[in-house]
Amino acid sequence: MQIVSENRAFGGRQLVLRHPSAACGGCEMTLGLFLPEEARAGPVPVLWYLSGLTCTHENAMVKAGAQGWAARHGLALVFPDTSPRGDGVADDAAYDLGQGAGFYVDATEAPWAPHFGMWSYLAEELPGRLFEAFPLDPAAQAITGHSMGGHGALTLAMAQPGRFRSVSAFAPICNPTGADWGRKQLAAYLGLDESTWARHDASLMMAERGFEGPVLIDQGASDQFLANLRPETLATAMAARRQPGAFRMQEGYDHSYFFVSSFMEEHVIFHATALWG
């Protein structure tokens, strides 16, 4: 991996990395990696953060305020990009499809299939590269995300039993098979056979299998995108299967990074408890 930049932060190192990705058709992928001071002595637990529509690796790295809390609890942070990018990568004029909107799936349909392999990238390729190159503990992983990234965090966690000790999300897209943020993208990336969509729907997966560890969901009650997020579907599924965890509606908060950063400390503590426990 190429180190593009490095900054001292909270006693640790904030890196920006770049590497070619086989899962994404050879595209150069960029990501952020925060290593706390404890990483100098040996492998540390890892908290993955998946970002939302239109974001790059940089949005959460700069705006979420996670590094200070992660440093306090000795956690590494990984900030992947949200899609493959480049001149040869398919794109769309709409902000919610194409580059910046990978939806954390492996596309099977043209023109997306050659490069949009975000599921394999995050489930297999990127973890392997990072654990080989940096002092990270593969036995101590947790995952969180915002909006589209919350969707990705929940589906990746439930689909890979044993990998993550905890999962959380900020305003996740909870039911993409039943919302405009989801049906459009799943049809484009995976085709019109809706039976292939269910493994990428957090509410359906929660109802079917749940998560083996604790779950924390924060949703702004004044979020301008509630109709597309459909938080009631996930809350109902969690309650029906008595999933350990919490689903919290936060009065007055919207969909912005002001909301995310307001509750980041609580999410980092939630994950640190699971990772160090």
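For Arg40, the CZ atom counts as loosely surrounded, since its 6.0 Å shell holds 12 or fewer non-hydrogen atoms of other residues, nucleotides or ligands. Within a 6.0 Å radius of CG in Asp254, other residues, nucleotides and ligands contribute more than 12 heavy atoms. For Gln160, the CD atom is densely surrounded, since the number of other residues' heavy atoms within 6.0 Å is greater than 12. Counting non-hydrogen atoms of neighbouring residues, nucleotides and ligands closer than 6.0 angstrom, the CD atom of Glu251 reaches no more than 12 such neighbours. Counting heavy atoms of neighbouring residues, nucleotides and ligands inside a 6.0 Å radius, atom OH of Tyr95 exceeds 12 of them.
Under 3.5 Å, the side chains of Glu125 and Ser21 contain a donor-acceptor pair of N or O atoms. In this structure, a donor-acceptor pair under 3.5 Å is present between the side chains of His255 and Ser147. His271 and Ser166 share a donor-acceptor pair across their side chains, judged by distance under 3.5 Å alone. Looking only at atom types and distance, the side chain of Gln67 has a donor-acceptor partner in the side chain of Gln14 under 3.5 Å away. In this model, a donor atom of one side chain and an acceptor atom of the other lie less than 3.5 Å apart for Gln141 and Arg163.
In this structure, the side chain of Thr233 engages the main chain of Arg230 through a donor-acceptor pair within 3.5 Å. Distance alone, capped at 3.5 Å, is enough to place a donor-acceptor pair between the Gln99 side chain and the Gly86 backbone. In terms of modelled atom types and a separation under 3.5 Å, the side chain of Gln219 and the main chain of Phe247 share no donor-acceptor contact.
With respect to the salt-bridge test (charged N to carboxylate O, under 4.0 angstrom), the residues Asp81 and Arg85 qualify.
Note on Val16: it does not cluster hydrophobically with Leu33, by side-chain heavy-atom contacts below 4.5 Å among ILVMFWY residues. Leu204 and Val105 are not part of a single hydrophobic cluster, where members link through side-chain heavy atoms under 4.5 Å apart. Hydrophobic clustering (side-chain heavy atoms under 4.5 Å, transitive across Ile, Leu, Val, Met, Phe, Trp, Tyr) keeps Ile143 apart from Trp276. Leu17 and Phe34 fall into different hydrophobic clusters, where Ile, Leu, Val, Met, Phe, Trp and Tyr residues are linked whenever their side-chain heavy atoms come under 4.5 Å apart, directly or through other members. If you chain together hydrophobic residues whose side chains sit under 4.5 Å apart, Val44 and Leu15 fall into the same group.
Phe164 CZ to Leu156 CG: the interatomic distance, rounded to the nearest 0.5 Å, is 6.0 Å. Between the CH2 atom of Trp112 and the CD atom of Glu109 there is a distance of 12.0 Å, given to the nearest 0.5 Å. Atom OG1 of Thr273 sits about 11.0 Å away from atom CG of Leu216, to the nearest 0.5 Å. Between atom CZ of residue Arg129 and atom CE of residue Met1 there is a gap of 5.5 Å, rounded to the nearest 0.5 Å. Rounded to the nearest 0.5 angstrom, His73 NE2 and Ile269 CD1 are separated by 4.5 Å. Taking CZ of Phe79 as the start and NE2 of His57 as the end, the distance is 10.0 Å to the nearest 0.5 Å.
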Next on the checklist: Go through it in stages, so that I can follow the logic: the residues are Phe103 and His151, the test is ring-ring contact (aromatic ring centres under 6.0 Å, His included), and I'd like the CA-CA distance, side-chain angles, deciding distance and then a yes or no.
Outcome noted: CA-CA 8 Å; Phe103 253 76; His151 139 79; 5.3 Å; yes

Next on the checklist: If you apply the rule side-chain contact (heavy atoms from CB on, under 4.5 Å), what do you find for Gln250 with Phe263, and how did you get there?
Outcome noted: CA-CA 10 Å; Gln250 302 291 0; Phe263 296 97; 3.4 Å; yes

Next on the checklist: Is there a side chain to side chain donor-acceptor pair (under 3.5 Å) between Ser168 and His267? Walk through the geometry before answering.
Outcome noted: CA-CA 7 Å; Ser168 73; His267 282 245; 2.9 Å; yes

Next on the checklist: Between Leu126 and His19, does the side-chain contact (heavy atoms from CB on, under 4.5 Å) criterion hold? Intermediate values first, please.
Outcome noted: CA-CA 10 Å; Leu126 184 56; His19 70 98; 3.9 Å; yes

Next on the checklist: Quick one, Asn228 with Ile173, criterion side-chain contact (heavy atoms from CB on, under 4.5 Å). Give me CA distance, side-chain angles, the key distance, then yes/no.
Outcome noted: CA-CA 7 Å; Asn228 280 327; Ile173 299 174; over 6 Å; no

Next on the checklist: side chain to side chain donor-acceptor pair (under 3.5 Å) for Thr177 and Asp201? Distances and angles first, verdict last.
Outcome noted: CA-CA 6 Å; Thr177 64; Asp201 187 303; 2.6 Å; yes

Item to check | Working for side-chain contact (heavy atoms from CB on, under 4.5 Å), residues Met29 and Cys24 | outcome: CA-CA 8 Å; Met29 299 295 287; Cys24 295; 4.2 Å; yes

Checklist entry - Would Tyr49 and His146 satisfy ring-ring contact (aromatic ring centres under 6.0 Å, His included), going step by step from the backbone distance to the final call? => result CA-CA 8 Å; Tyr49 182 101; His146 173 226; 7.5 Å; no

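Ring geometry, Trp181 versus Phe225: the interplanar angle falls from 30° to 60°, so the pair is classed tilted. Ring geometry, Phe259 versus Phe170: the interplanar angle exceeds 60°, so the pair is classed perpendicular (tilted spans 30 to 60°). Aromatic ring pairs are classed by plane angle as parallel below 30°, tilted from 30° to 60° and perpendicular above 60°; the pair Tyr189 and Phe116 is parallel.
Paired with Val89 under the rule side-chain contact (heavy atoms from CB on, under 4.5 Å), one option of Ser83, Pro111, Pro114, Cys27 passes, and it is Cys27. Screening Ile217, Thr155, Val167, Leu50 for a side-chain contact (heavy atoms from CB on, under 4.5 Å) involving Pro172 leaves a single residue, Ile217.
When all heavy atoms are compared, the tightest approach of Gly178 to Arg183 is N-CG, 4.2 Å. Val46 and Leu275 get closest at one heavy-atom pair: O-CD1, 4.1 Å. A pairwise comparison of heavy atoms in Phe134 and Leu35 identifies CD2-CD1, 4.0 Å as the closest pair. When all heavy atoms are compared, the tightest approach of Arg209 to Ala159 is NH1-CA, 3.6 Å.
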